[in-house]
Protein chains: 2
Amino acid sequence: MADSPKRQARRRKIPEATVSRLPIYLRSLLEAAGDGLPTISSERLAELSGFNAAKVRKDLSYLGSYGTRGVGYDVEYLQFQMSRELGLTKDWHVVIAGVGNLGHALANYGGFSERGFPVAALVDADPEVVGTEINGIVVRHIDELPAVVAEEDISIGIIATPASAAQEVADRMIDAGIRSILNFAPTILTVPPDVSLRKVDLAVELQILSFYQQRRSGDGDGSASSESAGSGRGG
Amino acid sequence: MADSPKRQARRRKIPEATVSRLPIYLRSLLEAAGDGLPTISSERLAELSGFNAAKVRKDLSYLGSYGTRGVGYDVEYLQFQMSRELGLTKDWHVVIAGVGNLGHALANYGGFSERGFPVAALVDADPEVVGTEINGIVVRHIDELPAVVAEEDISIGIIATPASAAQEVADRMIDAGIRSILNFAPTILTVPPDVSLRKVDLAVELQILSFYQQRRSGDGDGSASSESAGSGRGG
DNA sequence: TTCCGCTTGTTCACGTGCTCACAAGCACGG
DNA sequence: CCGTGCTTGTGAGCACGTGAACAAGCGGAA
């Protein structure tokens with residue numbers, strides 16, 4: 001399907017805040033598709049995704065004019081366009097570095113493959129675990145990373161090592177050609193500007209919750225709503 | 001130690017973006033404490049935490065004037081004040097709902113207790129797993145949640161169930177008196193405004209990485225750095 | 001005491017993101 | 001064909017977060 005030349009706004013830069021919401025919209029569309037309705041309004045999509053309708057419309061407008069006024073958005077078509085934009089038309093192979101508690105769980109977690117991110121390899125530095133098999137994948141030594149990346153066509157690296165090893169693992173991943181890294185280790189990583197880095201720190205999330213709970217207990221103040229998606233719509 | 005009455009800016013509301021960075025600063029301070037230096041400059045703290053010095057100073061100023069011009073911040077004192085502000089002077093007991101792959105891993109993950117969030121209870125709906133023991137904790141049935149919360153003095157709930165069960169589990173947690181929830185299920189939860197909700201969606205993080213990688217491959221454009229907190233930061 | 005170097009705390013200007021409000025535009029009925 | 005109802009797409013104003021720049025202020029040296 002060629003680009004419809006209606007508007008030239010296509011392919012312009014999409015705000016970071018919008019990008020972080022696109023996956024939520026996509027998930028909501030999948031839900032909506034189950035209802036059998038051919039189209040969906042921005043208001044309904046807002047309900048499903050936990051944002052407000054105006055934000056939904058503005059976000060979707062960055063992708064192009066895929067809606068029909070008076071009707072809504074074609075569910076299937078929007079789903080396709082969004083998948084394409086997010087690069088989900090192909091699978092992205094993932095390597096997990098560090099097969100401790102967390103790495104082990106991630107390797108067994110089915111949610112990745114389901115959503116197009118199959119775990120294709122596991123690496124670790126401990127000779128004790130190298131060679132063991134998890135969920136059908138044999139753990140290899142981290143020294144073999146460049147070979148593993150090439151063989152398995154890896155694009156994304158997940159760091160699930162202790163904090164002390166994280167930076168070195170990141171460096172090795174980058175050397176091996178990986179340009180997208182998801183870091184679970186509770187430490188700050190430094191990467192070149194052409195590498196995308198995101199981090200998930202479980203303890204930090206709990207500490208943020210702790211802050212607001214503390215405030216609520218201490219003050220008589222009631223403002224404690226957190227952030228994105230899901231904060232209470234009192235309805 | 002009573003509040004110094006120098007400035008009345010104490011106890012003012014702290015921006016959400018700043019709150020999400022406080023745990024990072026605190027972690028950096030712990031690192032810095034290992035160096036033995038009694039004080040730390042905003043520049044050094046910026047280096048350790050991955051932000052810039054101006055942001056660090058502004059963030060810290062929300063907590064009060066705890067620095068000394070020409071010298072820096074007293075590491076130990078700042079650490080104490082920040083812990084107090086984050087509510088980390090006491091342990092917060094956590095219950096994990098859903099003992100599947102992820103819940104199991106979280107229960108075994110030592111990082112929580114270490115940082116003041118001991119996992120005090122596990123609940124599940126599956127009679128098959130109720131009664132089994134994980135990391136010294138016996139899994140109880142989710143119907144017992146109110147009793148569990150009372151007995152173990154639980155303040156924070158972690159949802160590690162399938163998406164389909166997440167909303168009901170959240171409702172039950174709130175009924176049981178929990179006011180802080182961390183959601184790992186890939187779905188939008190609705191909670192009353194007096195409940196804090198944060199979410200971690202692993203697949204979403206990968207999809208965001210996928211977006212930037214896709215862009216880099218497709219376009220000749222090289223802008224892809226991320227580094228949000230949790231929204232997100234985001235961060 | 002006075003001067004000097006250093007680092008904080010704060011102010012200001014800017015950019016990004018969010019919300020509101022409404023014109024544009026499509027489908028459908030008469 | 002034309003009017004009506006409904007929903008998108010977008011422009012403008014506003015709130016929030018960020019970065020640079022600088023005055024305020026502390027400690028130490030002379």
Side-chain angles (χ1 to χ4, degrees), chain A residues 4 6-10 12-22 25 32 37-47 49-75 77-78 81 223 225-229 231 233, chain B residues 4 6-10 12-22 25 32 37-47 49-75 77-78 81 223 225-235:
Chain A
S4 67
K6 275 286 179 63
R7 300 253 169 181
Q8 281 299 74
R10 220 65 35 86
R12 273 291 146 254
K13 80 161 187 291
I14 300 179
E16 203 170 322
T18 296
V19 172
S20 70
R21 285 189 292 266
L22 292 183
Y25 295 138
L37 296 174
T39 65
I40 187 172
S41 68
S42 62
E43 192 145 358
R44 173 79 181 125
L45 190 47
E47 212 174 295
S49 59
F51 307 112
N52 66 56
K55 204 185 284 185
V56 169
R57 286 200 298 276
K58 181 152 270 190
D59 283 344
L60 295 187
S61 77
Y62 288 115
L63 303 181
S65 290
Y66 295 145
T68 305
R69 292 167 200 244
V71 177
Y73 301 89
D74 182 289
V75 174
Y77 185 58
L78 183 57
Q81 288 295 347
S223 68
S225 170
S226 65
E227 50 127 347
S228 53
S231 200
R233 260 327 68 127
Chain B
S4 68
K6 276 283 181 60
R7 298 257 172 183
Q8 282 298 74
R10 220 65 35 84
R12 274 289 147 257
K13 78 159 187 290
I14 300 178
E16 205 170 315
T18 295
V19 171
S20 70
R21 284 189 293 267
L22 292 183
Y25 295 139
L37 296 174
T39 64
I40 187 171
S41 69
S42 61
E43 192 146 358
R44 175 77 182 124
L45 190 47
E47 211 174 294
S49 59
F51 307 111
N52 65 54
K55 202 185 283 185
V56 170
R57 286 199 298 276
K58 179 161 270 191
D59 284 344
L60 295 186
S61 77
Y62 288 115
L63 303 180
S65 290
Y66 295 144
T68 305
R69 290 163 201 247
V71 178
Y73 301 89
D74 182 288
V75 174
Y77 185 57
L78 183 56
Q81 289 295 347
S223 65
S225 178
S226 63
E227 179 71 46
S228 73
S231 124
R233 102 112 198 161

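Within every chain, numbering begins at 1; the chains are lettered A, B, ... in the order of the sequence lines, protein sequences first and strands thereafter.
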Check if the side chain of R69(A) and the base of dT8(D) share a donor-acceptor pair of N or O atoms closer than 3.5 Å.
-> yes
Does R21(A) put a side-chain nitrogen or oxygen below 4.0 Å from OP1 or OP2 of dC18(C)?
-> yes
Who are the side-chain contact (heavy atoms from CB on, under 4.5 Å) partners of A46(B), not counting sequence neighbours?
-> A53(B), V56(B)
Whole-Å distance between dC16(D) C1' and I14(B) CD1?
-> 16 Å
Spacing of NZ belonging to K58(B) relative to OG belonging to S42(B), to within rounding of 0.5 Å | 13.5 Å
Return the 5'-most residue of the pair S41(A), N52(B) with respect to DNA chain D, ranking by each residue's nearest nucleotide.
-> S41(A)
Nearest-Å distance, CD (E43(B)) to C1' (dA20(D))?
-> 14 Å
Y66(B) OH to dT7(C) C1': how many Å, rounded?
-> 19 Å
Rounded to the nearest Å, what distance is computed from the CG atom of residue L60(B) to the C1' atom of nucleotide dT7(C)?
-> 13 Å
Residue closer to the 5' end of DNA chain C, G70(B) versus T18(A) (nearest nucleotide) = G70(B)
Closest to the R57(A) side chain, choosing from dG9(C), dT18(D), dC22(C) = dC22(C)
OG of S61(B) to CD1 of I14(B): how many Å apart, nearest 0.5 Å?
-> 9.5 Å
Using nucleotides 13-16 of chain C, report all nitrogen or oxygen pairs with the protein that are shorter than 3.5 Å.
none

Hey, what do you get for CG (D74(B)) to CD1 (I40(B)), rounding to the nearest 0.5 Å?
-> 11.0 Å
Inter-residue atom distance R57(B).CZ - Y73(B).OH, 0.5 Å rounding = 7.0 Å
Taken to the nearest whole Å, CZ/R44(A) to P/dT8(D) is 13 Å
For Y25(B), what residues pass the ring-ring contact (aromatic ring centres under 6.0 Å, His included) criterion, not counting sequence neighbours?
-> F51(B)
Tell me whether the OP1 or OP2 atom of dG9(C) has a side-chain N or O from Y73(B) closer than 4.0 Å.
-> yes
Round to the nearest Å and state the distance from Y25(B) atom OH to dT8(C) atom P.
-> 13 Å
Would you say dT19(C) has OP1 or OP2 under 4.0 Å from some side-chain N or O of K55(A)?
-> yes
Return no unless some side-chain N or O of T68(B) is found under 4.0 Å from OP1 or OP2 of dT8(C).
-> no
Please state how far atom CG in L63(A) lies from atom P in dT8(D), giving the value in whole angstrom units.
-> 14 Å
Whole-Å gap separating P (dG17(D)) and CG (L22(B)) = 13 Å
Here the gap from L60(A) atom CG to Q81(A) atom CD, rounded to the nearest 0.5 Å, amounts to 11.5 Å
